[in-house]
Amino acid sequence: MFASVINWFEERLKLGETLGPSMTHSVPTSARWWYVFGSMTLTIFMLQIVTGICLSLVYVPSADEAYASLEYLNYRQHMGWFLRGMHVWGSHLMIAFMTIHMIQVFLYGAFKYPRELTWIVGVLLFLCTLAMGFTGQVLRWDQDAYWGLGVGMAMAGRVPFIGPELVYFVLGGPIIGGEALSRFFALHVFVIPGTLIMLIGAHLLLVIKCGINEAPTPGHLVNKATYRETYEKEVHKRGMPFFPNAAGRDMIACGIVIFLVFFCAAMFGPAGPNGEPDPTLIHTAPRPDFYFQSIFAVLALLPPYMETFLIMAFPVLALGVLILLPFISGDGEKSWKRRPFSVIFVIFLLLVLGSLTYLGYKSPWSPIMDAWSGIPTPTQYVQGRSPLELQGALIIQNKQCRNCHMLEGRGGQRGPELDFVATRLTRDELIRQVVQGGGNMPAYGKHLSPSEVTALVSFLMTLHPEWEHEPGAEESNVPRPTTGP
Ligand code: HEC
């Protein structure tokens, strides 16, 4: 009975005919435990799909309800916290194992002829997975998500020419709000996973077509003219069938990785959500997930004048090198024992990323956010001001703008000094900056009444150099920018 059902399908699908050879194709015997990390990554990805679908049954992708739906999952839904834990630890582990897989492929020279395309597709998979991490973090819609997105958009905003449009496109509007959440939901649930699945298909197909890389022997050089022939011969003479030999090892590794995900979820639980996203709440130490900590640290530690260059140039350079790698060094020596430069490079990279990640956890959210709000507004900025302007000065104090902005050299350094801001921006631009935020400044639109905005901007309009040295110099010949509503 069972056999006849199988036969019915087989007759129509001819699956056995198609898949059979790829299951039993010969692989080099030298492909041992170092070769399991790709399968491990794939296993976690499949697990992520399952847990992700389960989560999406409860999660509400709306700015008003996302946070509550996560709390519901954490505290009310039976085993909801565990599901969230599995999904977040799955994401961490997927990135970790994918990195190990990439390093192994790099050290074993598996990116060389004829597997260049496999490598390039792999690099794209790496990018997509990081993008999944980033968009997933945003869906948490908490403080971390809000500030992470803020930093991400500040980086995107610096892309030459199209920066502002790009930010607008990604966020679906000028501020981080419900539109942004909808877009990130669509990206995280449809666009990127769809791309990932297609790329994984291509990756696996290429692995089968080009054969699994043999463990390199020092001195065995890759020669484009003869490589394929020798590979086929070797594999036929001394290979083993993929199933069950190599596949068995893969399965053990997959079992281990599934156990790891369960273990971490049970031990460490879900991530966040850490506080509702409130743009005016800066008494927070938001942290990106670990794989973005290093970027976070670089941003926090770099002097501002280097930021733009690094933010723009570094990812492009790194991606370029990764994609060009098989063309730069597509043949010759494969063994890491004869490629000292590659080994040093990997160690160097791991050290840099490791110490930056450490610093990212250690270094304060730049700047230390609670240090400045108590400082009084400098006297010369309040002398001789109209009541409306004084009210604006109070709002600067109450809304803790100086956590990020300096006045008279004291305050945070996240945003520009405000001392002479009236010389740089017009009234309208000031209103827009305060209401909509942007460039890594929170939007205050929802947290200030229109009259408060008027007062605040009137005060900002008085921040002009001439009056700094001449307190109460309203009568000077310098034309005073119009104030008042
Ligand atoms: C979390 C940090 C942060 C807080 C809090 C903050 N800002 Fe900003 N602000 C920034 C950043 C960063 C920029 C630079 C934006 C850019 O580069 O486009 C900025 C820019 C500005 C600018 C434009 C300055 C210029 O020269 O272009 C004004 C004006 C301003 N902020 C006013 C305020 C006011 C008023 C408040 C309080 C209600 C405030 N900011 C609170 C970070 C902050």
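Counting convention: from 1, in listed order, for ligands and their atoms alike.
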- request: Specify side chain, backbone, both or neither for Ile395, according to which of its non-hydrogen atoms lie closer than 4.0 Å to ligand 1.
  value: neither

Structural part of Leu430 in contact with ligand 1, heavy atom criterion under 4.0 angstrom: side chain

Is a side-chain N or O of [X] found less than 3.5 angstrom from the main chain of [Y], in a donor-acceptor match?
{"X": "Arg385", "Y": "Gln383", "answer": "yes"}
{"X": "Ser342", "Y": "Leu107", "answer": "no"}
{"X": "Arg432", "Y": "Arg427", "answer": "no"}

Identify, by atom number and element, the atoms of ligand 1 in contact range of [X], meaning under 4.0 Å from any of its heavy atoms.
{"X": "Leu456", "value": "35 (C)"}
{"X": "Arg424", "value": "25 (C), 26 (O)"}
{"X": "Pro416", "value": "13 (C), 14 (C), 19 (C), 20 (C), 24 (C), 25 (C), 26 (O)"}

message: Check for me whether Arg84 meets the cation-pi criterion with Tyr59, that is, NZ or CZ under 6.0 Å from the six-membered ring centre and within 45 degrees of the ring axis.
response: no

task: Decide if atom CZ of Phe268 counts as having more than 12 heavy atoms of other residues, nucleotides or ligands within a radius under 6.0 Å.
output: yes

- prompt: Any N or O on Glu417 sitting closer than 3.5 Å to an N or O of ligand 1?
  reply: no

task: Flag His405 as yes if one of its N/O/S atoms falls below 2.8 Å of atom 8 (Fe) of ligand 1, otherwise no.
output: yes

Lys112 and Pro326, any side-chain heavy atoms less than 4.5 Å apart: no

